[in-house]
Amino acid sequence: MTSSVLSITLPEWAAEFDAPGRVYASDPERMQLAVDLSRLNVERGSGGPFGAAIFDGASGALLGIGMNSVVRLNNSTLHAEMMAFMRAQASVGSFSLATSAGAGRELFTSCEPCAMCLGGVLWSGVTRVVFAARRDDAQRLAFDEGPVFPESFAYLRRRGIRIEGGPLRDEARQVMEAYRARGGVIYNA
């Protein structure tokens, strides 16, 4: 058996957004970043219509970004949220984004998380999830979001994680429609 290297990279265009420590003061600014990442991912042909970013809740400092890279990197786990978790954990130097005090760490994502990404939310240590587009918006494109139930969200809430629909739903849906119009790959349909 040969050994291989797994390399999880951002597309080249994302370098200007990959700025851990940059402060995003408000929820609308944070969500705008997630939606911008999703839009540019589609426009630049580097992946699916999903973007995410993780911030320090108290300071608004960016910890990590992600955009859907499933097809680009041939890896079914590289959803925008999973990429953002990995990059934020690398940024803080810990397998957990949990903090001992303060507002905790927050995930802003252009679409309501799928089953895998909800599992990632639980294990990541974030304390708040804010999403733009809804599950049914993704399902209209034929993305299979997996077994996500009201109990899934209730469980996370019992664990102290706040989950909120946020701003820019229409803008995030427009990105999805642009992806469909371009003939983007719908994997796991």
What pair of heavy atoms forms the shortest contact from [X] to [Y], and how long is it?
| X | Y | result |
| --- | --- | --- |
| Ala53 | Leu33 | CB-CD2, 3.8 Å |
| Pro113 | Val129 | CG-CG1, 4.1 Å |
| Arg87 | Ile65 | CD-O, 3.1 Å |
| Gln89 | Phe95 | NE2-O, 2.9 Å |
| Leu37 | Ala52 | CD1-O, 3.5 Å |
| Arg173 | Asp137 | CD-OD1, 3.0 Å |

Fill in: Glu12 CD: over 12 foreign heavy atoms closer than 6.0 Å
no

Worksheet item: Hey, is CH2 on Trp123 packed in by over 12 heavy atoms from elsewhere, all under 6.0 Å?
Response: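 No, CH2 of Trp123 has 12 or fewer neighbouring heavy atoms, counting only those of other groups under 6.0 Å.
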
Below 4.5 Å, heavy atoms only, C-beta onward: do [X] and [Y] meet side chain to side chain?
| X | Y | answer |
| --- | --- | --- |
| Asp36 | Glu171 | yes |
| Leu118 | Val148 | yes |
| Pro49 | Arg180 | no |
| Glu43 | Arg39 | yes |
| Arg157 | Arg162 | no |
| Ile163 | Phe131 | yes |
| Val130 | Arg128 | yes |
| Val121 | Glu81 | no |

With distance as the sole test, does [X] use its side chain to make a donor-acceptor pair with the main-chain N or O of [Y] at under 3.5 Å?
| X | Y | value |
| --- | --- | --- |
| Ser110 | Gly51 | yes |
| Thr127 | Gly125 | no |
| Glu29 | Ser26 | yes |
| Asn41 | Gly48 | yes |
| Gln32 | Pro28 | no |
| Tyr179 | Val185 | yes |
| Arg44 | Val42 | no |
| Glu112 | Arg135 | yes |
| Arg72 | Gly45 | no |

Discussion item. Quick test of your reading: applying side chain to side chain donor-acceptor pair (under 3.5 Å), list the pairs with at least one residue in residues 51-68, sequence neighbours left out, ordered by first then second residue.
Written reply: Asp56-Ser59, Asp56-Arg105, Asn68-Tyr187

Worksheet item: Do Leu97 and Val23 sit in the same hydrophobic cluster, where Ile, Leu, Val, Met, Phe, Trp and Tyr count as joined when their side-chain heavy atoms come under 4.5 Å apart?
Response: no

Worksheet item: Are Leu6 and Phe85 connected in the hydrophobic side-chain network, where two residues link if heavy atoms are under 4.5 Å apart?
Response: yes

Could you tell me the separation between the [atom1] atom of [X] and the [atom2] atom of [Y], rounded to the nearest 0.5 Å?
| X | Y | atom1 | atom2 | value |
| --- | --- | --- | --- | --- |
| Leu141 | Asp136 | CG | CG | 11.5 Å |
| Leu107 | Cys117 | CG | SG | 8.5 Å |
| Glu177 | Arg140 | CD | CZ | 8.5 Å |
| Leu73 | Ile8 | CG | CD1 | 7.5 Å |
| His79 | Ser69 | NE2 | OG | 10.5 Å |
| Leu62 | Ser91 | CG | OG | 7.5 Å |

Fill in: Pair Met67-Leu10, side-chain contact (heavy atoms from CB on, under 4.5 Å): steps then yes or no
CA-CA 8 Å; Met67 62 287 306; Leu10 296 176; 3.5 Å; yes

Item to complete: Hey, could you give me each pair passing ring pair (Phe, Tyr, Trp, His ring centres under 6.0 Å) that has a residue in residues 50-69? Not counting sequence neighbours.
Response: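 Residue pairs with at least one partner in residues 50-69: Tyr24-Phe55, Phe50-Phe143, Phe55-Phe108.
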
Worksheet item: For Leu40 and Phe17, what are the C-alpha separation, side-chain angles and deciding distance, and is it a side-chain contact (heavy atoms from CB on, under 4.5 Å)?
Response: CA-CA 11 Å; Leu40 288 166; Phe17 300 96; 3.4 Å; yes

